[in-house]
Amino acid sequence: MLDLDSLNPEQRRGVETIVGPSLILAGAGTGKTRVITFRIAHMLDRGIAPEAIAAMTFTNKAAREMADRVRELVGKERASKIRIGTFHSFCLLILREFGTRLGLPKKFSLAGTSDQLDMLGRAIKEESSLTGVNLEALHAAISRAKNALLTPNEFAQRSMHLMLNLDGDSCAKAYELYERQLKLNRMIDFDDCIFKCVTLLENFPEVRAQLENRYRYYMVDEFQDTNEGQLRLLELVASKHNNVCVVGDDDQSIYSWRGAMFETLERFETMFKGAVLIKLEQNYRCTNTILKAANQVIKNNSKRKDKSLWSESVHEFPLYLEPNANEEDEAKWIALKCMSLIGEGGQAKEIAVLYRANNQARLIELALRELGIPYETFGGSSFFERKEVKDFLAYIRLIVRPDDRLAFWRIINTPHRGIGIKSLEKIEAACQASGHSPFLQAKKLSAELGLTSKSLNALNEFIGELSTIQALEIDTPEQVQQLGDEVIRRFGLVSDIREHTKDAASRDRKIENLKSLPGWLSRCASDMINEQGKLDVHDLLDRLTLNDRDISEKDDKFKSNRVSLMTIHASKGLEFPFVFLCGLEEELFPHKNSIGSIQGITEERRLFYVALTRAKLKLFLTYALERGTGAYKTSRLPSRFIKEIPPEIINGEVSERNFAPSKEEKVAKTISSFANLRAGLSGVVPRK
DNA sequence: GGTTAGAGTATCTTC
DNA sequence: TACTCTAACC
């Protein structure tokens, strides 16, 4: 049934090496996912129980893709028994089962990014030496500490806090206060999923033994992105049976800033002795021209596992380099070129525009819109970061878990119902005295809070409405939909936005977002029923937190035929026939914050390598000689990485003397572009 | 208690 | 150039 002959010899070796540790070094586009899924199918063919296999990834996107492909290969029934998911979901499951041994509450909840920042904000208010610190930077530092399995004291001793302008003691204090907030809210954060799981397995051998008995074969995808905690976890769960297969590519390690260690591949080899090394070097994605460029560039990094990609492609196109006078011209050129690609028979969805930073997207969006080219952006500010979405979800959370403090504080005066800071302080003081959660405090003892009659009435009305909704049953997706509709109606969420948002466009968008939420929530609920056979609202909330942005993208992605705009980071794992890589300038790419160190530059170079290898056929490289507006206008130099590409494969100039094209040249170029465009449009031929 | 204006700030981004 | 937080004002 499984056609192993369709694999190349190295892929086949990867698939057939099942017992013992193995390390598959898989270059870009070498059929990695195929190897992973075939390997799982092959294990089942050899009689291994699906329940004994655990496959871990880092992103939901990767997990979902793996699950889909495995399902196609081995059927729904067996596929559903295999534990496929992210590291975090795997650990969360274990903590839900055994967490009480660590003293976790039975019904703890998972803090999302905004909850984490909210709690950290509350934490630093308690300590005067922490006023004015950059919340996000502090949060990132604490997160990195947790990923490295460091306690507050250990954190204080490391040099990580130097960039925060804080001494070690203050850092430790912040970390501790933040932990206290988590505990107060009965929450754990993403990093705790891993950290606490490691602690659990280290301290409770019987739990570890149970898991060793349950899962005997482990697979890890994108292994180069593993951080300290995840590596330790893998060691704890997998070292007894020693059946671990990890797949990765050191050249695509682009997440060191979130704790991934470049040496992680070597660490694996020492951790799991005698690992079989398998190298996949035949590429099934790119032209040889693109591979030549990519190989040549990445060679400039030292300390990498030596490998060299090749492919059997027949159609070769030179890379195209386009210098532009400024960023507007760059965006316009890209838009025009997209138009002519589409005119020549390409489809919009075959095109991707990649950039280093999200803020580069705006001008390109503008230029595409002007030409009427459909496009889609990925990443950037996520759906779940939007205020109206967070507010709505806070209502749902408070209904499901009345002791959710963060949700209470978020919506107690949203929409405005005349409960101000003074009232909130009184409620908080009462909560501290009694130990109750604010909702309970307000429900049971609102009369004793000492509020003004206006605030008290508002509070009582709010509590009353919420209690009414709480009484509704939530056992089916339809009831979830009704609940959502009811929340919007009773609390006037739509009318609040209608009255208080001035800008018509953003007002309409917000209302549309809000109205789509109940239906969307109910769809999530029915997905869950399909997978688990039942609906548990607590689980639903967990999933919302873990899944975060991926759900919102799910809907229209398949049918849309649009140009994709995304950062290079977001493009990892994807491929497109036509790729534009823009903003190739010193200080932007490589980014100015990375230029100072060799590690910085080598990571940027890996990022560049990832970008190049996204393209299957044609690759367009652009840069601007001037960027910014007004006082911020600066002249720019082409990126050093351009010079690392062999000049003979570039159809365009690549020399030190790259001046902006003269005005006449620009005009001539634009005219000819339009001519191409028209020629192209008249002969639109649908592909295949 | 709510609103508004002005200052400050700005990688990539996962779960 | 755009968004968020804070402080002064109504």
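Residue numbering restarts at 1 for every chain, and letters A, B, ... go by the order of the sequence lines.
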Residues forming a side chain to side chain donor-acceptor pair (under 3.5 Å) with T264(A), sequence neighbours excluded = none
Please determine, for the side chain of H416(A), which listed nucleotide (dC15(B), dT3(B), dT13(B)) has the closest atom?
-> dT3(B)
Is any side-chain N or O of N359(A) closer than 4.0 Å to OP1 or OP2 of dT11(B)?
-> no
Non-hydrogen atoms of C193(A) and C91(A) that approach each other most closely | O-CB, 3.2 Å
Quick one: is dT11(B) close enough that its OP1 or OP2 comes under 4.0 Å of any side-chain N or O from N358(A)?
-> no
From the candidates dT13(B), dG1(B), dC15(B), the one with an atom nearest any side-chain atom of A570(A) is dT13(B)
Can you check the N60(A) CG to dT13(B) P distance for me, whole Å?
-> 16 Å
Base, sugar-phosphate alone, or nothing: which one does K422(A) contact when heavy atoms must sit under 4.0 Å apart?
-> sugar-phosphate
Face-on cation placement of R397(A) at F392(A) ring, 6.0 Å and 45° thresholds = no
Just checking I419(A): base, sugar-phosphate only, or nothing, at a heavy-atom cut-off of under 4.0 Å?
-> sugar-phosphate
Hey, which of these two, Q116(A) or K454(A), hits DNA chain B nearer its 5' end, going by closest nucleotide?
-> K454(A)
Between F58(A) (CZ) and dC12(B) (C1'), how many Å, whole number?
-> 17 Å
Of the listed dT13(B), dC15(B), dT11(B), the closest approach to the Y255(A) side chain comes from dT13(B)
Nearest-Å distance, CD (E328(A)) to P (dT1(C))?
-> 9 Å
Taking CG from L92(A) and C1' from dT14(B), how many angstroms apart are they, rounded to a whole number?
-> 15 Å
Of R304(A), R606(A), R605(A), which is the lone residue that meets salt bridge (charged side-chain N to carboxylate O under 4.0 Å, His left out) with D251(A)?
-> R304(A)
Nearest whole angstrom, please: distance from the C1' of dC12(B) to the NZ of K592(A).
-> 13 Å
SB check K183(A) E179(A) (cutoff 4.0 Å) = no
Please state how far atom CG in L363(A) lies from atom P in dA2(C), giving the value in whole angstrom units.
-> 10 Å
Has the side chain of R356(A) got a donor or acceptor atom sitting under 3.5 Å from an opposite partner on the base of dT11(B)?
-> yes
Just call it for S594(A): base, sugar-phosphate, or nothing, with non-hydrogen atoms closer than 4.0 Å on any strand.
-> nothing
Salt bridge R614(A)-E575(A), side-chain N to carboxylate O under 4.0 Å = no
With respect to the phosphate group of dT1(C), does any side-chain polar atom (N or O) of R362(A) fall under 4.0 Å of OP1 or OP2?
-> no
H569(A) over dT13(B), stacked by centroid distance under 5.5 Å, angle under 30° | no
Rounded distance in Å - CG (L607(A)) to C1' (dT11(B)) | 10 Å
Please tell me which of the listed nucleotides, dT13(B), dC15(B), dG1(B), lies nearest to the side chain of F190(A)?
-> dC15(B)
To the nearest Å, how far apart are K572(A) NZ and dC15(B) P?
-> 12 Å
Closer to the 5' end of DNA chain B via nearest nucleotide, is it M566(A) or S455(A)?
-> S455(A)
OP1 or OP2 of dC15(B) under 4.0 Å from side-chain N/O of N227(A) = no
